[in-house]
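What follows is a single structure, written as C-alpha cells, with notes after it.
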Amino acid sequence: MGVTGIGGFFFRAANPDAMRDWYVEHLGVGSAPYGSWDTQAGPSVFAPFAADTDQLPAGRQWMLNLRVDDLDGLCATLRSADIEVTTNAEWDMPGVGRFARIHDPEGNPIELWEPDQDSDQDGDQPEAQ
C-alpha cells in the first residue's frame, strides 16, 4: 500500500477557463472532462529544494515539470505562438535529459523535460540541490 503516482496538479488562476484553454492549446494538457489527460508511464520526481535555490524562479514556491518526447519540436511550436522559451546547456544532464522553461499566462514556471533515451526509467534521478 502507498502512493502509486500523481493524481492531479491543482492551482489557483485569475481566469481558470482561459488558463485551462492555454494549457490545452499549447501543451495538450487537461483537454478531457475535469481537466484530466492520460500520461505515459515514466519517472516523476518529487524534490523539495533549499529555500535559496536558483533552480526555481525568485518568488515562486513550485515549478511544474512536464515530460516531453520532442523538446526541439515543442520549443519551435511554442516560439511560433510567441511564447518565450528559455534553454540553458547547463540545465541538461547526460543520463537524465534536456530541459527548457516557459511560463504560463499568469507567470507560473513550467519546465519541459525530454528524458535521455538512456535515462533510468525506474525514476532514479540526481538529488535535489
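Note that this is a predicted model, so its numbers are computed, not measured.
Leu74 pairs in a side chain to side chain contact (heavy atoms under 4.5 Å, CB included) with only one of the listed residues (Ile102, Leu66, Leu112), which is Leu112.
Transitive grouping of hydrophobic side chains (ILVMFWY, heavy atoms separated by less than 4.5 Å) brings Leu78 and Val29 into a common cluster. Under the 4.5 Å side-chain contact rule for hydrophobic residues, Met63 and Phe9 do not share a cluster.
A donor-acceptor pair is defined here as one N or O able to donate and one able to accept, closer than 3.5 Å; such a pair exists between the side chain of Arg67 and the backbone of Gln40. In this structure a side-chain-to-backbone donor-acceptor pair under 3.5 Å is present from Thr77 to Gly73.
Pairs engaging residues 65-86 under the ring pair (Phe, Tyr, Trp, His ring centres under 6.0 Å) rule: none recorded [sequence neighbours left out]. Counting only residues at least two apart or in different chains, side chain to side chain donor-acceptor pair (under 3.5 Å) contacts with residues 79-100 comprise Asp72-Arg98, Arg98-Glu114. Residue pairs satisfying the side chain to side chain donor-acceptor pair (under 3.5 Å) criterion with at least one member in residues 101-111, sequence neighbours excluded, are listed as follows: Tyr23-Asp104, Arg60-Asn108, Asn65-Glu111, Arg101-Glu111, Asp104-Asn108.
You'll find the side chain of Val96 reaches within 4.5 Å of the side chain of Trp113, heavy atoms only. Between His26 and Ile83, the closest side-chain pair of non-hydrogen atoms falls below 4.5 Å.
Contact between Leu71 and Ala100 at its shortest, heavy atoms only, is CD1-CB, 3.8 Å. Of all non-hydrogen atoms in Met19 and Ala13, the two that sit nearest each other are CB-CB, 4.1 Å.
By the 30° and 60° cut-offs, the orientation of the rings of Phe11 relative to Trp62 is tilted.
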Could you go step by step and tell me if Leu27 and Val68 meet the side-chain contact (heavy atoms from CB on, under 4.5 Å) rule? CA-CA 9 Å; Leu27 299 173; Val68 303; over 6 Å; no

